[in-house]
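Read the structure below first, then the notes.
Treat the numbers as computed from the prediction; the structure is a model and nothing was measured. We name chains A, B, ... by the order of the sequence lines, and we start the count at 1 in each one.
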Amino acid sequence: MNKYRTHNCNQLRKKDIDKKIILSGWINKKRDHGNLLFVDLRDNYGITQCIIDKDNENFSKLEKTQLETVIKIEGKVVSRSDDTVNKEIETGEIEISIESFEVLGSCNELPMPVFSDQEYAEDIRLKYRFLDLRRKKIHENIILRSKVISFIRDEMIKAEFLEFQTPILTSSSPEGARDFLVPSRLNPGKFYALPQAPQQFKQLIMVSGFDKYFQIAPCFRDEDARADRSPGEFYQLDLEMSFVEQEDVFNVVEKLLVNTFTKFSNKKLMYDKFPKISYVDTMLKYGTDKPDLRNPLIINDITEIFDRDDVTFEIFKKLVKSGSKVRCITTKNTKDKPRSFFDGIDKWAKEQGASGLAYFTLEKDGDLSAKGPIGKFFSKEALIEIMEKTNSAVGDSLFFACGKQNELEKITSQARDKIAKDLNLVDDNTFAFCWIVDYPMFEKDEDTNKIKFSHNPFSMPQGNLTENELKNPLNILAYQYDIVCNGIELSSGAIRNHKPDLMYKLFSIAGYNKKQVDEKFSGMINALSYGAPPHGGIAPGIDRIVMLLANEKNIREVTMFPMNQNAQDLMMSAPSDVDEKQLKELGLSLKTKK
RNA sequence: GGGGGUGUAGCUCAGUUGGUUAGAGCGAUCGCCUGUCACGCGAUAGGUCGAGGGUUCGAGUCCCUUCACUCCCGCCA
């Protein structure tokens with residue numbers, strides 16, 4: 001028999017009454033009646049109420065034992081009377097009559113309570129993460145994460161994918177995020193980089209003939225954090241398949257995500273078959289490439305309206321003449337909303353740095369008219385054209401923004417969220433997945449005005465790419481796709497370019513000559529020259545999937561030992577200073593010394 | 001790098017128009033209490049009001065600087 005326990009703290013039931021048992025766990029809570037003491041003993045599995053009275057020689061010692069002390073209790077399972085049964089816990093029909101107890105791990109005064117639903121400042125939670133992780137909600141989140149990962153691994157293996165590990169110390173790549181660098185002792189002055197993703201390795205696995213690969217892969221990017229973006233490191237379900245087209249990847253991932261989300265959440269799926277939205281369409285209709293499709297509001301472009309002579313809103317007309325566009329959001333049946341609703345949104349827009357959101361409401365009091373600050377600038381005929389273009393009706397309101405395309409996309413996208421929130425249009429009990437497809441291969445760098453890869457340089461361009469098409473690189477689309485759920489980007493993937501000749505052409509557009517490509521991507525480009533299969537894949541973000549399933553808004557709530565926003569681990573004190581000796585071995589010296 | 005929010009007891013927070021000795025709940029310590037499950041009751045200890053400077057007869061409160069945490073923008077192929 002194990003000397004610490006015969007049962008865990010969620011095991012004992014009525015059928016165990018009169019058994020002599022041993023339990024070990026943490027003191028979750030004490031209720032001290034002076035001559036009678038209740039102790040809630042907690043472990044990973046649950047809580048069991050234990051009881052001791054003053055006749056027991058251990059009474060006063062246990063009475064003075066701190067919460068969160070780890071103790072071992074020997075005693076007898078006894079029945080609870082009907083009026084003292086606790087239906088909140090699974091062991092609530094019984095309790096343990098304590099005969100003796102022993103302290104296994106003592107506990108100092110707590111810097112933060114464990115048994116409480118209160119929220120605490122993050123720095124304390126992170127410094128004492130081992131205490132924080134004892135708390136119910138986050139403890140359950142981490143267990144959920146484990147179960148989700150097991151399930152996904154299981155599904156992938158069932159689908160005949162092979163799991164492989166890829167190097168953590170690899171080479172720095174010029175494209176994309178900042179790398180974490182690791183100095184090499186054996187090669188002084190040279191650096192490894194931690195992988196931003198196993199991108200090149202998974203393609204090499206395909207070239208090596210393994211056909212279907214996956215990995216729950218750690219990824220490292222030295223970029224600033226957000227609520228849904230851990231600093232430093234995160235995990236992806238990295239997968240890659242040979243001899244596939246885009247649709248084959250979609251089928252695998254769609255099935256996996258539907259299975260995962262139906263298994264681990266009770267929320268409804270808005271679509272079993274994920275809708276596909278082109279990049280151009282999503283940027284117009286939603287102003288972003290990660291649209292929240294639970295939100296029914298749609299953005300429409302009505303720039304042309306301002307060419308009409310019977311539209312006299314001169315501010316917009318003038319801006320349109322100089323190249324600006326006008327886009328609007330229609331809200332259904334909002335004619336009775338108070339003035340404060342409309343002004344609130346206009347004020348909010350100004351706070352976001354926009355010049356505000358103009359608005360009017362369509363009304364028909366005899367004649368069709370627009371009520372609101374800018375209503376008077378539109379003729380009846382112009383209003384009819386607007387109604388056709390925006391699919392709006394009498395009683396609806398329209399919010400207008402005018403500006404350069406990228407500014408407009410940003411503000412209308414934010415306004416879509418804001419208005420939907422104010423009108424309570426988003427059903428929080430739903431997951432709305434979609435594919436964003438047909439990303440452009442290239443984009444223009446705003447600062448340098450140079451052409452650069454808009455996503456992954458290894459993606460396969462669409463079409464045959466005649467010399468003529470290559471002259472207009474901004475028109476080239478890629479077999480590049482994202483999965484979005486509830487406005488969160490879950491994953492990004494592509495059919496890869498497995499043809500070296502084409503690769504050189506595309507890189508030359510982005511300003512890399514053959515020699516540079518050979519140097520920077522030697523492993524890849526070399527491998528593609530020795531019989532590479534057509535292949536493609538994707539990499540859903542594990543942390544974000546768990547975040548959605550756990551209904552959390554912050555990724556740290558589903559990460560066991562996260563760093564703070566400044567990429568510091570407050571518990572382990574990382575990053576830290578290192579010895580001069582270590583630096584010397586690596587051939588490094590520091591420019592900045594404290 | 002930029003913008004917003006927050007910072008008062010170990011924890012969560014209140015603190016009015018600038019005005020006497022800065023409060024509450026939880027936790028800690030001590031005492032009372034034999035059926036609680038957020039047990040109850042009483043007492044005690046516990047404060048660099050994030051830090052520094054300024055205005056003022058007087059600053060937790062107003063101003064400036066700065067630090068920490070957090071959210072957002074940039075960034076994240």
Query raised in the report: Which part of the nucleic acid, if any, lies within reach of A/Pro457 when heavy atoms closer than 4.0 Å are counted: base, sugar-phosphate only, or nothing?
Result: base
Query - Watson-Crick or G-U wobble partner of B/G27, both distances under 3.5 Å - result: none
Query raised in the report: Could one point to a donor on the side chain of A/Arg229 or the base of B/C76 with an acceptor on the other under 3.5 Å away?
Result: yes
Report summary line: Picking from B/G74, B/G10, B/G35, the nucleotide nearest the side-chain atoms of A/Arg226 would be B/G74
Query raised in the report: Which part of the nucleic acid, if any, lies within contact of A/Ile51, taking any heavy atom under 4.0 Å across all strands shown: a base, the sugar-phosphate backbone alone, or nothing?
Result: base
Report task. Remember a base hit wins even if backbone is also touched, and classify A/Asn28 as base, sugar-phosphate or nothing at under 4.0 Å, heavy atoms. Result -> nothing
Query - Spacing of SG belonging to A/Cys9 relative to CG belonging to A/Asn44, to within rounding of 0.5 Å - result: 10.0 Å
Report task. Remember a base hit wins even if backbone is also touched, and classify A/Ser454 as base, sugar-phosphate or nothing at under 4.0 Å, heavy atoms. Result -> sugar-phosphate
Query raised in the report: C1' atom, B/U6 versus B/G60: distance in rounded Å?
Result: 15 Å
**Report entry** Integer angstrom distance from the P of B/G47 to that of B/C11
**Finding:** 13 Å
Report task. Report yes if a side-chain nitrogen or oxygen of A/Lys29 is closer than 4.0 Å to either non-bridging phosphate oxygen (OP1 or OP2) of B/G27; otherwise report no. Result -> yes
Report task. For B/G10 and B/G42, measure between their P atoms and round to the nearest Å. Result -> 24 Å
Query raised in the report: In whole angstroms, how far is the C1' atom of B/G10 from the OH atom of A/Tyr128?
Result: 9 Å
Query raised in the report: Given the C1' atoms of B/G46 and B/G1, what is the spacing between them in whole Å?
Result: 42 Å
Report summary line: Rounded to whole Å, the CG-P distance (A/Leu67 to B/C11) equals 17 Å
Requested in this report: For A/Phe115 and B/G27, give me the distance from atom CZ to atom P, rounded to whole Å.
Outcome: 10 Å
Query raised in the report: Can you find a side chain N or O atom of A/Asn108 that sits less than 4.0 Å from OP1 or OP2 on B/G10?
Result: no
Report task. Just say parallel, tilted or perpendicular for the rings of A/Trp435 and A/Phe250, cut-offs at 30° and 60°. Result -> parallel
Query raised in the report: Considering only heavy atoms from C-beta outward, does the side chain of A/Glu74 approach that of A/Phe101 to under 4.5 Å?
Result: no
Query raised in the report: Between the side-chain atoms of A/Arg80 and the base atoms of B/U36, is any donor-acceptor pair under 3.5 Å?
Result: yes
Report task. Identify the nucleotide, in any strand shown, that forms a Watson-Crick or G-U wobble pair with B/C75, with both distances under 3.5 Å; if there is none, say none. Result -> none
Query - Closest to side chain of A/Arg178, choosing from B/G74, B/C75, B/G35 - result: B/C75
Query raised in the report: For atom P, what is the distance between B/U44 and B/A24, given to the nearest Å?
Result: 11 Å
Query raised in the report: Side-chain donor or acceptor of A/Asn86 under 3.5 Å from a matching atom on the base of B/C37?
Result: yes
Query raised in the report: Taking the six-membered ring for Trp, are A/Phe38 and A/His33 ring centroids under 6.0 Å apart?
Result: yes
Query raised in the report: Which part of the nucleic acid, if any, lies within contact of A/Leu110, taking any heavy atom under 4.0 Å across all strands shown: a base, the sugar-phosphate backbone alone, or nothing?
Result: sugar-phosphate
Query raised in the report: Using centres under 5.5 Å plus planes under 30 degrees as the test, is A/His33 stacked with B/U36?
Result: no
Query raised in the report: Of the nucleotides B/C76, B/G35, B/C33, which one has an atom closest to the side chain of A/Ala177?
Result: B/C76
Report summary line: Nearest-nucleotide check on RNA chain B, A/Thr65 vs A/Gln118; residue mapping nearer the 5' end is A/Gln118
**Report entry** Atom pair distance, as rounded to whole Å: NZ in A/Lys64 and P in B/C30
**Finding:** 5 Å
Query raised in the report: Quick one: A/Lys553 NZ to B/C72 P, roughly how many Å, whole number?
Result: 12 Å
Query - OP1 or OP2 of B/C69 under 4.0 Å from side-chain N/O of A/Gln568 - result: yes
Query raised in the report: What's the closest nucleotide to the A/Asp224 side chain, out of B/C37, B/G10, B/G74?
Result: B/G74
Query raised in the report: Should A/Arg294 and A/Asp292 count as an ion pair when the cut-off is N to O under 4.0 Å?
Result: yes
Requested in this report: For B/G74 and B/A28, measure between their C1' atoms and round to the nearest Å.
Outcome: 47 Å
Query raised in the report: Does the side chain of A/Asn497 come under 3.5 Å of the side chain of A/Tyr479 through a donor N or O and an acceptor N or O?
Result: no
Report task. Indicate the ring-plane relationship of A/Phe507 and A/Tyr512, choosing parallel, tilted or perpendicular according to the 30° and 60° boundaries. Result -> perpendicular
Query raised in the report: Is the cationic atom of A/Lys514 (NZ for Lys, CZ for Arg) positioned less than 6.0 Å from the six-membered ring centroid of A/Tyr504 and within 45 degrees of its normal?
Result: yes
Query raised in the report: Does a side-chain N or O from A/Arg31 land closer than 4.0 Å to OP1 or OP2 of B/U36, or not?
Result: no
Report task. Provide the distance between the two C1' atoms, one in B/A59 and one in B/U8, to the nearest whole Å. Result -> 14 Å
Query - Base-pairing mate for B/G19 - Watson-Crick or G-U, with both contacts under 3.5 Å - result: B/C57
Query raised in the report: What nucleic acid atoms does A/Gln199 come within less than 4.0 Å of, heavy atoms only: base, sugar-phosphate, or nothing?
Result: base
Query - Watson-Crick or G-U wobble mate for B/A9, both contacts under 3.5 Å - result: none
**Report entry** Whole-angstrom distance between B/G15 and B/U61, as gauged at atom P
**Finding:** 14 Å
Query raised in the report: For B/C71, does OP1 or OP2 lie under 4.0 Å from any side-chain N or O of A/Arg556?
Result: yes
Query raised in the report: Does the pair A/Phe234 and A/Phe220 meet the rule for a ring-ring contact (aromatic ring centres under 6.0 Å, His included), with working shown?
Result: CA-CA 7 Å; A/Phe234 61 98; A/Phe220 305 90; 8.4 Å; no
Query raised in the report: With sugar-phosphate meaning primed atoms plus P, OP1 and OP2, does A/Asp222 contact a base, only sugar-phosphate, or nothing at under 4.0 Å between heavy atoms?
Result: nothing
Query - Pair of N/O donor and acceptor under 3.5 Å linking B/U12 base with A/Glu119 side chain - result: no
**Report entry** Closest listed nucleotide, where the reference is the side chain of A/Tyr120 and the choices are B/C73, B/C11, B/G35
**Finding:** B/C11
Report summary line: Closest to the 5' end of RNA chain B, once A/Pro111 and A/Phe453 are matched to their nearest nucleotides, is A/Pro111
**Report entry** B/C69 phosphate, OP1 or OP2, under 4.0 Å from A/Asn566 side-chain N/O
**Finding:** yes
Query raised in the report: Should B/C32 form a Watson-Crick or G-U wobble pair with both distances under 3.5 Å, which nucleotide is its partner?
Result: B/G40
Report task. Could you please name the option among B/A28, B/U12, B/U36 that lies closest to any side-chain atom of A/Glu95? Result -> B/U36
**Report entry** Nucleotide nearest A/Gln565 (side chain, heavy atoms from C-beta), chosen from B/C71, B/G35, B/A28
**Finding:** B/C71
